[in-house]
Q: 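Quick one: the structure is below, questions incoming.
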Amino acid sequence: MNVMSPETTSRQDRQTESAMPVVITIDGPAGTGKSTVAHHLASRLGLEFLDTGAMYRAAALIAIEKNIDPNDGPALAVALRDAQLHFDWSADPPRIMLDERDVTARIRQFDVSGVVSLVAARPEVRRVMVDQQRDIARRHPRLVTEGRDQGSVVFPDAPVRFFLHADVSVRARRRVAQLVKAGQTDVDEQRVIRDIQQRDELDATRTDGPLIRPEGAVDIDTSARSVEEVVTVMEDIAREQLPDAGFEP
Ligand code: DC
């Protein structure tokens, strides 16, 4: 897998050349609003944004398209090494590309969501991803990165780390709203709740990089808070903890 190549230049490249590296991690289960708040937080602070779930989803898409068993870690690792998977950093948020095809929307579809937890549970897959995420952070050193293991495994030394959570019923309602907005009809809320619980269980119980609250991370319950409120809490904490980071005013 070649997540980094061909590399496109991001808007922030010039302005961050002389600024200090800052990695802020956001972890938590599906439906906590992680991606949205991570993207907003990055914009407010003038940092770049990395959606690591998109990388695992792209790996799941490769499994589907190449007809690879999602439990076959070694075969997946070979396919990932051959794939031309990378981000287009000229877009905000960055688009994920597979062999020059923009798969940003494709990886959100049901078939991908259905197998991604299995793919993400394979240690061979996680090893490739963790290496690539650290490599991305070397090239994009002022970064808000979100996922399940960013503050625990990938960037345990990040100076600011958040852990988001929310009631399962609230997370299911958010997911239903997303699916309806995406044009799906007949969405069964009970089924969505079961899917979320199943995915949580798989993500939390895998041996490699399980979803855990990183020690020392700031815990935020998003159940009763708007995106704006959550982002403001996080922004205040980041500015307070890193007064010399050179964030956007
Ligand atoms: O955040 P998301 O729903 O797009 O994540 C897709 C899947 O990838 C989900 O099953 C959890 C997994 N994932 C992971 O294991 N580690 C990460 N750092 C990010 C996502």
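Atoms within a ligand are numbered from 1 in the order they appear, just like the ligands themselves.
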Q: Yes or no on side-chain contact (heavy atoms from CB on, under 4.5 Å) for Leu61 and Leu98, after CA distance, side-chain angles and deciding distance?
A: CA-CA 10 Å; Leu61 180 62; Leu98 178 57; 4.2 Å; yes
Q: I'd like to know if Asp195 pairs up with Arg191 as an ion pair, taking the criterion as any Lys NZ or Arg NE/NH1/NH2 lying under 4.0 Å from an Asp or Glu carboxylate oxygen.
A: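 Answer for the salt bridge query: yes.
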Q: If you count the atoms of ligand 1 from 1 in the order shown, which ones are under 4.0 Å from a heavy atom of Ala120?
A: 12 (C), 15 (O)
Q: In a check of side chain to side chain contact (heavy atoms under 4.5 Å, CB included) between Pro29 and each of Asp203, Leu211, Leu164, which one passes?
A: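 Of the listed residues Asp203, Leu211, Leu164, the side chain to side chain contact (heavy atoms under 4.5 Å, CB included) partner of Pro29 is Leu211.
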Q: Can you confirm, on distance only, whether ligand 1 has an N/O atom lying under 3.5 Å from any N/O atom belonging to Arg57?
A: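 Among all N and O atoms of Arg57, at least one is under 3.5 Å from an N or O of ligand 1.
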Q: State whether a side-chain donor-acceptor pair under 3.5 Å links Arg225 with Thr232.
A: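 Short answer, no.
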Q: Under 4.0 Å from any heavy atom of Asp149, which atoms of ligand 1 are there?
A: 17 (C), 18 (N)
Q: One thing to verify: whether Glu189 and Arg171 come together as a salt bridge, which I'm taking to mean a side-chain N less than 4.0 angstrom from a carboxylate O.
A: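 No, this pair does not count.
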Q: Show which atoms of ligand 1 fall inside a sub-4.0 Å distance from at least one heavy-atom site of Arg108.
A: 4 (O)
Q: Considering non-hydrogen atoms of the protein only, which is the closest contact for atom 20 (C) of ligand 1, and what is the distance?
A: Gly53 CA, 3.5 Å
Q: Under 4.0 Å, heavy atoms only, figure out whether ligand 1 is touched by the backbone of Arg199, its side chain, both or neither.
A: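 For Arg199, the contact with ligand 1 is made by the side chain alone.
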Q: Provide, to 0.1 Å, the distance between atom 8 (O) of ligand 1 and the closest protein heavy atom, together with that atom's residue and name.
A: Tyr56 CB, 3.5 Å
Q: For the side chain to side chain donor-acceptor pair (under 3.5 Å) test, which of Thr145, Asp27, Thr25 pairs with Gln150?
A: Thr145
Q: Residues in side chain to side chain contact (heavy atoms under 4.5 Å, CB included) with Asp219, at least two apart?
A: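 In terms of side chain to side chain contact (heavy atoms under 4.5 Å, CB included), with neighbours along the sequence ignored, Asp219 is linked to Phe163, His165, Arg213.
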Q: Within ligand 1, which atoms have a heavy atom of Arg206 less than 4.0 Å away?
A: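 Once the distances to Arg206 are compared, the set is 14 (C), 15 (O), 16 (N).
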Q: Can you tell whether the side chains of Arg106 and Asp111 come within less than 4.0 Å, N to carboxylate O?
A: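 The answer is yes: the pair qualifies as a salt bridge.
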Q: Quick one: nearest non-hydrogen protein atom to atom 7 (C) of ligand 1, plus distance?
A: Val116 CG2, 3.6 Å
Q: Backbone, side chain, both or neither: what part of Arg126 comes under 4.0 angstrom of ligand 1, heavy atoms only?
A: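 Contact part for Arg126 vs ligand 1: side chain (C-beta onward).
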Q: Suppose I only count heavy atoms of Gln150 and a 4.0 Å limit; which atoms of ligand 1 are within that range?
A: 18 (N)
Q: Indicate yes or no: does an N/O atom of Arg148 lie under 3.5 Å from an N/O atom of ligand 1?
A: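 Indeed, backbone or side chain, Arg148 has an N or O that close.
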Q: Any donor and acceptor pair, going by atom type alone, linking the side chain of Arg57 with main-chain N or O of Thr104 inside 3.5 Å?
A: no
Q: For Thr205, check side chain to side chain contact (heavy atoms under 4.5 Å, CB included) against everything at least two apart and list the hits.
A: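 For Thr205 the side chain to side chain contact (heavy atoms under 4.5 Å, CB included) partners, ignoring immediate neighbours, are Glu201.
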Q: Just distances here: any N/O of Asp51 and N/O of ligand 1 closer than 3.5 Å?
A: no
Q: Pairs of nitrogen or oxygen atoms closer than 3.5 Å, one from Thr52 and one from ligand 1: do any exist?
A: yes
Q: Report the part of Asp203 (side chain from C-beta onward, or backbone N, CA, C, O) that has a heavy atom under 4.0 Å from ligand 1; answer both or neither where that applies.
A: side chain
Q: Just need the protein heavy atom nearest to atom 10 (O) of ligand 1, so name the residue and atom and give the distance.
A: Ser117 OG, 3.1 Å
